[in-house]
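Written below as structure tokens is the structure these notes are about.
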Amino acid sequence: VNAHVMWKKRLCAYVDGSSEENLDPTVVGTDNQCALGKWIYGEGQQFKDLPDFETVRLQHAEFHQQAGEIVRLVHSADKTAAAEILHGHYSKTSEILKHQILRLYGKVV
């Protein structure tokens with residue numbers, strides 16, 4: 001959860017130009033590169049039959065797709081569109097994902 005909350009801070013800095021990172025939209029947009037993604041496609045597979053697991057997997061993929069799009073828009077110098085996604089749909093997706101992760105966590109521990 002904390003790692004995904006930090007993504008919003010990283011993306012805010014990326015959009016406003018204060019980040020020193022050089023993010024790759026292809027990597028950011030891929031849902032199996034972060035710790036949660038590695039768990040989902042690795043040892044988390046033991047929980048794949050739980051409905052909450054599939055919900056988290058799908059929401060997590062959407063989270064990364066949107067993050068990748070934000071980075072692509074910054075690279076194409078469309079920071080206005082990037083900020084709209086960041087503070088709109090991405091923020092909603094991030095909040096939903098956070099709650100879904102916590103719900104799934106409660107079922108698998």
Side-chain angles (χ1 to χ4, degrees):
V1 170
N2 289 335
H4 281 84
V5 169
M6 291 303 299
W7 263 110
K8 185 169 184 183
K9 291 181 181 183
R10 290 174 74 188
L11 289 172
C12 282
Y14 207 69
V15 170
D16 73 21
S18 64
S19 174
E20 294 184 15
E21 292 184 273
N22 185 19
L23 297 175
D24 179 340
T26 303
V27 174
V28 173
T30 304
D31 70 334
N32 64 357
Q33 298 297 305
C34 68
L36 178 59
K38 289 177 182 176
W39 180 84
I40 287 171
Y41 294 104
E43 68 181 77
Q45 285 293 298
Q46 64 186 307
F47 305 109
K48 70 181 179 183
D49 294 330
L50 293 175
D52 288 330
F53 179 87
E54 184 62 9
T55 301
V56 166
R57 188 189 70 75
L58 291 171
Q59 195 71 30
H60 182 250
E62 183 176 347
F63 171 93
H64 277 282
Q65 182 276 325
Q66 291 172 19
E69 182 62 17
I70 291 165
V71 173
R72 273 187 282 284
L73 288 166
V74 170
H75 288 191
S76 66
D78 193 349
K79 291 185 178 185
T80 301
E84 287 175 6
I85 293 171
L86 177 63
H87 299 295
H89 195 65
Y90 173 85
S91 289
K92 290 176 189 170
T93 299
S94 180
E95 192 63 26
I96 291 167
L97 177 59
K98 180 174 67 170
H99 292 291
Q100 290 173 338
I101 291 169
L102 292 172
R103 186 170 55 228
L104 178 61
Y105 178 77
K107 293 183 179 179
V108 300
V109 291

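Along the sequence shown, the residues carry numbers beginning at 1.
- Inter-residue side-chain proximity for L50 and V108 is flagged as met; some heavy-atom pair is nearer than 4.5 Å.
- Judged purely by distance below 3.5 Å, without hydrogens or angles, the side chains of E62 and Q66 pair a donor atom with an acceptor atom.
- For the atom pair OG1 of T55 and CG of L97, the computed distance is 11.0 Å after rounding to the nearest 0.5 Å.
- The shortest distance between side-chain heavy atoms of S19 and R10 does not fall below 4.5 Å.
- The distance from atom CE of M6 to atom NZ of K8, rounded to the nearest 0.5 Å, is 13.0 Å.
- V27 and V71 are not part of a single hydrophobic cluster, where members link through side-chain heavy atoms under 4.5 Å apart.
- A heavy-atom distance below 4.5 Å is not found between the side chains of L73 and T80.
- Residues D31 and Y41 have side chains in contact (heavy-atom distance under 4.5 Å, counting atoms from C-beta outward).
- Tracing side-chain contacts under 4.5 Å through hydrophobic residues (I, L, V, M, F, W, Y), one reaches L36 starting from L102; they form part of the same cluster.
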Mind running side chain to side chain contact (heavy atoms under 4.5 Å, CB included) on R57 and H60 for me, showing each step along the way? CA-CA 5 Å; R57 188 189 70 75; H60 182 250; 5.8 Å; no

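- E54 places no side-chain N or O within 3.5 Å of a backbone atom of P51 that could act as its donor or acceptor partner.
- Checked by atom type, the side-chain pair S76/D78 shows no donor-acceptor distance below 3.5 Å.
- Taking hydrophobic clusters as Ile, Leu, Val, Met, Phe, Trp and Tyr residues chained together by side-chain heavy-atom distances below 4.5 Å, I40 does not share a cluster with I96.
- For the pair E95 and K98, the salt-bridge criterion is met [side-chain N within less than 4.0 Å of a carboxylate O].
- Residues H75 and Y14 place their aromatic rings such that the two centres sit under 6.0 Å apart.
- Under the ring-ring contact (aromatic ring centres under 6.0 Å, His included) criterion, the residue pairs touching residues 76-95 are F63-Y90, with sequence neighbours excluded.
- Heavy-atom minimum distance, G68 versus P25: O-CB, 3.6 Å.
- When every heavy atom of K79 is checked against every heavy atom of V15, the shortest pair comes out as CD-O, 3.1 Å.
- Side-chain atoms of H4 and H64, non-hydrogen and from C-beta on, do get closer than 4.5 Å to each other.
- In this structure the side chain of V28 reaches within 4.5 angstrom of the side chain of W7, judged on heavy atoms.
- By the rule that hydrophobic residues join a cluster once side-chain heavy atoms approach within less than 4.5 Å of another member, V1 and W39 end up as members of one cluster.
- For the residue pair Q45 and F53, the shortest heavy atom distance occurs at NE2-CZ, 3.8 Å.
- Exactly one of D16, V74, L11 qualifies for a side-chain contact (heavy atoms from CB on, under 4.5 Å) with L86. That residue is L11.
- Atom NZ of K107 and atom CG of D52 lie 3.5 Å apart (nearest 0.5 Å).
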